[in-house]
There are 2 protein chains.
Amino acid sequence: MPTSKSAKAPDMPAPASPAGKEGRKLSNFLCFAVYSTNLAFGRAYKPILDALGLTYTQYIALVALSEEDDQTVSMLGEKLFLESNTLTPILKKLESTGYLTRHRDPADERQVRVSLTPAGRNLLLDVDPGGTLIAATGLGDDFPVVQQTVTRLRDNLLRAQAEPEKS
Amino acid sequence: MPTSKSAKAPDMPAPASPAGKEGRKLSNFLCFAVYSTNLAFGRAYKPILDALGLTYTQYIALVALSEEDDQTVSMLGEKLFLESNTLTPILKKLESTGYLTRHRDPADERQVRVSLTPAGRNLLLDVDPGGTLIAATGLGDDFPVVQQTVTRLRDNLLRAQAEPEKS
DNA sequence: TGCGATTTAATCGGATACGATATATATAAG
DNA sequence: CTTATATATATCGTATCCGATTAAATCGCA
């Protein structure tokens, strides 16, 4: 572990300036770009999802559930990068509103199998038929590239955490 | 503005397949890429910030404060894309730990001026001297481009929300 | 077979986000 | 000068995230 005296921020590329405070601006942090973009997406979705009585996380969970029936909480968590402590309350709420069903797997009572109801499946069809948000991104033809690049960034970050250390 | 009847997801590029359920997968959502990357960044920062007793948002707030003294809560909120309902509790906590000062502006008692203490400024110098997270992004030379692209995406989304409608 | 170790959800507490509201101060109108 | 309006924070309730713990079921292996 190098006892560097440059105290560079963890999230920035090689400093253009001599690594002083100049480069330590919020606008140079990739993590902040992602953080604030996530906030912006949440706000963009809000009016659309409010009309359906869904939160953003609930919507994402329904989309993940639409991909496959009878998923366990763990399987869903792997897709969403969340764990049962976050998912359980959300799934219970979506169950209470009738968009999904939850029941213990008879073959292994530890697991809970979750499936969309027809109501839940129909709800997803109501989300933004016009696709206004695509235009709102302003990315045009770059859309797929950005999507792929951000996904790669995510996977890189998670892989780095999984590895104990890479010399 | 295409009045599609395909019930396309709001967040996806033109569907490769006939816009059926095939394209409605989580992995095709740009918003989910950003959402999950934000989670990944939070987890990557956790061990670093835990050692300093800071949360991610607290750290971001300190960085923003390091750019300028005597900022009001509103000014800080503009930089962080947050409002007083979120910032006030965070600033109070950072004040209680001695990393910043808060006091009403004598010239306008409605405003609260916030400044880093020397302890707060020193704390920022301790963050990840090695810059391990830069490597963890795995972006290499693309780092600045990705940073800029994501920032542009954020600004586009926010601008689209600010506009009432674009015919 | 029996029992400790592992696995899966769920629960609990702390820390954000954010809409809605409240409070205090400042400004404007008359 | 006095009230109505506007502005800047703060408070409150709801919904995530997440670490730590708990509870129940299953598995491993002597």
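The sequence lines fix the lettering, A, B, ..., with proteins before strands; numbering per chain opens at 1.
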When you measure from the side chain of B/Thr137 to the backbone of B/Ile134, do you find a donor-acceptor pair of N or O atoms at a distance under 3.5 Å? yes
A/Gln58 side chain to A/Leu49 main-chain N or O, any donor-acceptor pair under 3.5 Å? no
Flag the pair B/Thr37 / A/Leu153 as yes when at least one side-chain heavy-atom distance between them is below 4.5 Å, and no otherwise. yes
A/Ser27 backbone acceptor or donor facing B/Gln147 side chain under 3.5 Å: yes
Which atom of B/Ile48 lies closest to which atom of B/Ala44, heavy atoms considered: CD1-O, 4.1 Å
Quick check on ring pair (Phe, Tyr, Trp, His ring centres under 6.0 Å): which of A/Phe29, A/Tyr35, A/Phe32 does B/Tyr56 satisfy it with? A/Tyr35
Atom pair CZ (B/Arg43) and CG (B/Leu39), whose distance is rounded to the nearest 0.5 Å: 5.0 Å
Separation of C/dT8 atom P from A/Leu76 atom CG, nearest Å, is 15 Å
Reference residue A/Arg113; test side-chain hydrogen bond (donor to acceptor under 3.5 Å, both in side chains); the match among A/Asp70, A/Asp69, A/Asp105: A/Asp105
Provide the full list of salt bridge (Lys or Arg N to Asp or Glu O under 4.0 Å) pairs with a residue in residues 49-58 of chain B, sequence neighbours left out, each pair given once. B/Lys46-B/Asp50
Residues of residues 108-117 of chain B with a heavy atom under 4.0 Å from any atom of DNA chain C, listed by number, are B/Asp108, B/Glu109, B/Arg110
Angle by which the axis turns from one end of the helix from C/dT1-D/dA30 to C/dG30-D/dC1 to the other, five pairs per end, to 10 degrees: 0°
Under a 4.0 Å heavy-atom criterion, DNA chain D is touched by chain A from D/dA15 to D/dT26
Do B/Leu26 and A/Met75 land in one hydrophobic cluster if side-chain heavy atoms of ILVMFWY residues count as linked below 4.5 Å? no
Please list, in numerical order, the residues of residues 98-107 of chain B that have a heavy atom closer than 4.0 Å to any atom of DNA chain D. B/Arg102, B/Arg104
Annotated protein contacts, base or backbone, on nucleotides 13-20 of chain C with a non-hydrogen cut-off under 4.0 Å, one of B, S, - each: --SSBBBB
Drop me the distance from B/Leu91's CG to B/Leu76's CG, to the nearest 0.5 angstrom. 6.0 Å
Does B/Glu95 pair with B/Arg102 as a salt bridge, N-O distance under 4.0 Å? yes
A/Thr86 side chain to A/Leu82 main-chain N or O, any donor-acceptor pair under 3.5 Å? no
Any donor-acceptor N/O pair, A/Arg104 side chain to A/Arg110 backbone, under 3.5 Å: yes
Distance-only, no hydrogens or angles: does the A/Gln71 side chain make a donor-acceptor pair with backbone N or O of A/Ala64 under 3.5 Å? yes
